[in-house]
Amino acid sequence: MMPKLLLQAAAVVADRRWYGSGGRRGYLPLRHPPHVAPGRFTACLLAVAAVTTTFALALTLHRPDLSAAYAASPRGGGGGGGAGYAVVINTWKRYDLLRRSVAHYSGCGGVDAVHVVWSEPQEPTEELRGSVLNCSGGGGAGVRFVINAEDSLNNRFRPIQGLTTDAVFSVDDDLIVPCSTLRFAFAVWQSAPSAMVGFVPRMHWLADPGSNAKEYRYGSWWSVWWTGTYSMVLSKASFFHRQYLDLYTNHMLPSIRDYVNENRNCEDIAMSFLVANVTGSPPIWVQGRIFEIGSSGISSLKGHDLQRSKCLNTFSAMYGHMPLVATTVKAVDSRTSWFW
């Protein structure tokens, strides 16, 4: 088992202080630093090159009230599910990819169950159900369909009845993460269970750091590659605590979920906002090879980055501050690294 204190440093880099007002208690928001120095870093197991994040306490607060749900959140000590983790696959009319994904993840060690999030107008046919279940084989993890009555990207974050593990691995049907890489990422998450731990990092930037206007831009993979800095890991391949499903669906501002429905985008950014707002800490990027077996998706559409920038600005306005926290921390499995 890797040293827990070292890995927890990746998720807990900020001290958030209680305040009281009118008999209510909550967390002071943490404002994103105006500038983060660029750099690319690699080290053994966990590369902590520099967490160049400066925090300023805001004097005003307008945010969704999560204090009631906080007692049941990962940081509040709630939960206590069984060992291992659940794989939650989000799918949409790509049945061959779904079969391949289920066959792969159901055979990985540590997987307690595979849940297929189904949002299509028609329920899966018996033939499809049978072919998907047969893909899991006899000795793999159990597979079940989670049927939703409406088509919504928010469905991937709805609480799942009968979920028995604290850890959830959220993944798209067109992404394959090797079992050994998945096992390493799960170990990282176990050492920092309040954090999002994933393989696809992204960044947000101030459009004009010198301006009083807080306008943000979405930074794709190339921004992360160039600077070594990120503030999100996308839910298309990430671990998080199951309590965030309840927080997202039942406690987050409904206007955020409505925005996701209307624009058919940015549910992953909404989850990153939620986790950062609860913890005041950055996510953890795990370095590892993942394989994209599909050829199309929302991210391939024209104007995708512009739409994502609009989401950043809309959500930050709804929260009343920017909760995302930038970091340069990266978890690396030294057994697969040449230099460490």
S.K.: Could you tell me whether a side-chain N or O of Asn134 sits under 3.5 Å from a main-chain N or O of Gly130, the two making a donor and an acceptor?
M.R.: yes
S.K.: Between Val200 and Ile290, is any pair of side-chain heavy atoms under 4.5 Å apart?
M.R.: yes
S.K.: Report the residues that fulfil side chain to side chain contact (heavy atoms under 4.5 Å, CB included) with Ala103, sequence neighbours left out, ordered by chain and then residue number.
M.R.: Cys135
S.K.: In terms of heavy-atom contacts, does CZ of Arg129 have more than 12 from other residues, nucleotides or ligands at under 6.0 Å?
M.R.: yes
S.K.: Quick one: do Val132 and Phe145 satisfy side chain to side chain contact (heavy atoms under 4.5 Å, CB included)? Show the steps, please.
M.R.: CA-CA 10 Å; Val132 169; Phe145 282 80; 4.0 Å; yes
S.K.: Under the rule for salt bridge (Lys or Arg N to Asp or Glu O under 4.0 Å), what residues qualify as partners of Arg99, not counting sequence neighbours?
M.R.: Asp96
S.K.: Report the C-alpha distance between Arg183 and Asp333 in whole Å, list the side-chain angles of each, state the deciding distance to 0.1 Å, and finish with yes or no for salt bridge (charged side-chain N to carboxylate O under 4.0 Å, His left out).
M.R.: CA-CA 11 Å; Arg183 184 167 56 249; Asp333 190 342; over 6 Å; no
S.K.: If we ignore hydrogens and angles and just use 3.5 Å, is the side chain of Ser119 paired with the main-chain N or O of Trp92 as donor and acceptor?
M.R.: no
S.K.: Report the distance from atom CH2 of Trp225 to atom OG of Ser220, rounding to the nearest 0.5 Å.
M.R.: 12.0 Å
S.K.: Does the Glu120 side chain pair with the main chain of Lys93, one donor and one acceptor, at a distance under 3.5 Å?
M.R.: yes
S.K.: Quick one: list whatever passes side chain to side chain donor-acceptor pair (under 3.5 Å) with Glu123, sequence neighbours left out.
M.R.: none
S.K.: Go through Thr91 and Trp118 one step at a time and tell me if the side chain to side chain contact (heavy atoms under 4.5 Å, CB included) criterion holds.
M.R.: CA-CA 6 Å; Thr91 188; Trp118 187 271; 4.2 Å; yes
S.K.: On a heavy-atom basis, which atom in Gln161 and which in Arg144 lie closest, and how many Å separate them?
M.R.: O-NH1, 3.4 Å
S.K.: So which heavy atom on Gln190 is nearest to which on Pro193, and how close?
M.R.: O-CD, 3.6 Å
S.K.: Looking only at non-hydrogen atoms, find the nearest pair between Thr327 and Pro283 and report the distance.
M.R.: CG2-O, 4.0 Å
S.K.: Do Ile160 and Val168 have side chains that approach each other closer than 4.5 Å (heavy atoms only, starting at C-beta)?
M.R.: no
S.K.: Would you say Ser170's side chain and Ser235's backbone share a donor-acceptor pair under 3.5 angstrom?
M.R.: yes
S.K.: Counting distance only, does the side-chain N/O of His104 pair as donor-acceptor with the main-chain N or O of Val177 below 3.5 Å?
M.R.: yes
S.K.: Using every non-hydrogen atom in the two residues, find where Met318 and Leu253 come nearest and quote the distance to one decimal.
M.R.: O-CD1, 3.6 Å
S.K.: Check this for me: Arg217, atom CZ, are more than 12 non-hydrogen atoms of other residues, nucleotides or ligands nearer than 6.0 Å?
M.R.: no
S.K.: What pairs of residues pass the disulfide (SG to SG under 2.5 Å) test when at least one of them lies in residues 151-250, not counting sequence neighbours?
M.R.: Cys108-Cys179
S.K.: Arg202: what forms a salt bridge (Lys or Arg N to Asp or Glu O under 4.0 Å) with it, not counting sequence neighbours?
M.R.: none
S.K.: Which distance, rounded to the nearest 0.5 Å, do you find between the CZ of Phe184 and the CD of Gln287?
M.R.: 9.0 Å
S.K.: Hey, are the side chains of Thr181 and Phe199 touching, using non-hydrogen atoms and a 4.5 Å cut-off?
M.R.: yes
S.K.: What is the distance from atom OH of Tyr216 to atom CG of Leu206, rounded to the nearest 0.5 Å?
M.R.: 5.0 Å
S.K.: Checking Arg289 now: which residues fulfil salt bridge (Lys or Arg N to Asp or Glu O under 4.0 Å) with it, not counting sequence neighbours?
M.R.: none
S.K.: Please check if the side chain of Asp208 supplies one atom and the backbone of Gly210 the other of a donor-acceptor pair under 3.5 Å.
M.R.: yes
S.K.: Side chains of Arg94 and Ile293, heavy atoms from C-beta outward: is any pair under 4.5 Å?
M.R.: no
S.K.: Working to the nearest 0.5 angstrom, can you tell me the gap between Leu128 CG and Leu133 CG?
M.R.: 9.0 Å
S.K.: Go through the steps for Val88 and Val146 under the test side chain to side chain contact (heavy atoms under 4.5 Å, CB included), then give the verdict.
M.R.: CA-CA 9 Å; Val88 178; Val146 181; over 6 Å; no
S.K.: Is Ser131 close to Tyr95 at the side-chain level, that is, under 4.5 Å between some pair of heavy atoms?
M.R.: no
S.K.: Does the side chain of Ile284 come within less than 4.5 Å of Val233's, by heavy atoms?
M.R.: no
S.K.: Taking salt bridge (Lys or Arg N to Asp or Glu O under 4.0 Å) as the test, write out the residues that go with Asp258, two or more places apart.
M.R.: none
S.K.: Can you name the residues that form a side chain to side chain contact (heavy atoms under 4.5 Å, CB included) with Arg257, not counting sequence neighbours?
M.R.: Asn154, Tyr248, Met252, Pro254
S.K.: Any side-chain heavy atom of Tyr218 within less than 4.5 Å of one from Ile269?
M.R.: yes
S.K.: Strictly distance-based, threshold 3.5 Å: is any side-chain N or O of Asn313 a donor or acceptor partner for the main-chain N or O of Ser309?
M.R.: yes
S.K.: Quick one: closest heavy-atom pair of Phe291 and Pro178, and the distance?
M.R.: CE1-CG, 3.7 Å
S.K.: Within this structure, what is the CG-CD distance for the pair Asp166 and Gln243, rounded to the nearest 0.5 Å?
M.R.: 7.5 Å
S.K.: Give me the one residue out of Phe240, Phe186, Phe239, Trp189 that meets ring-ring contact (aromatic ring centres under 6.0 Å, His included) with Phe169.
M.R.: Phe239
S.K.: Evaluate the side-chain proximity of Val87 to Ser106: yes if any heavy-atom separation is below 4.5 Å, no if none is.
M.R.: no
S.K.: Under the rule for side chain to side chain donor-acceptor pair (under 3.5 Å), what residues qualify as partners of Ser272, not counting sequence neighbours?
M.R.: none
S.K.: Give the intermediate values and the outcome of side chain to side chain contact (heavy atoms under 4.5 Å, CB included) for residues Tyr259 and Asn265.
M.R.: CA-CA 8 Å; Tyr259 184 93; Asn265 206 330; over 6 Å; no
S.K.: Identify, with sequence neighbours excluded, every residue that meets ring pair (Phe, Tyr, Trp, His ring centres under 6.0 Å) alongside Tyr230.
M.R.: Trp285
S.K.: What's the shortest heavy-atom distance between Asn250 and Asp246, and which atoms?
M.R.: ND2-OD1, 2.6 Å
S.K.: Go through the steps to decide whether Asp172 and Arg156 satisfy the test salt bridge (charged side-chain N to carboxylate O under 4.0 Å, His left out), and finish with yes or no.
M.R.: CA-CA 10 Å; Asp172 286 353; Arg156 73 182 307 160; 2.9 Å; yes
S.K.: Quick one: list whatever passes side chain to side chain contact (heavy atoms under 4.5 Å, CB included) with Ser223, sequence neighbours left out.
M.R.: Trp205
S.K.: Return the set of residues passing side chain to side chain contact (heavy atoms under 4.5 Å, CB included) with Asp112 (not counting sequence neighbours), or none when no residue passes.
M.R.: Thr164, Thr165
S.K.: Nearest 0.5 Å please: distance from the OG atom of Ser194 over to the NE2 atom of His241.
M.R.: 9.5 Å
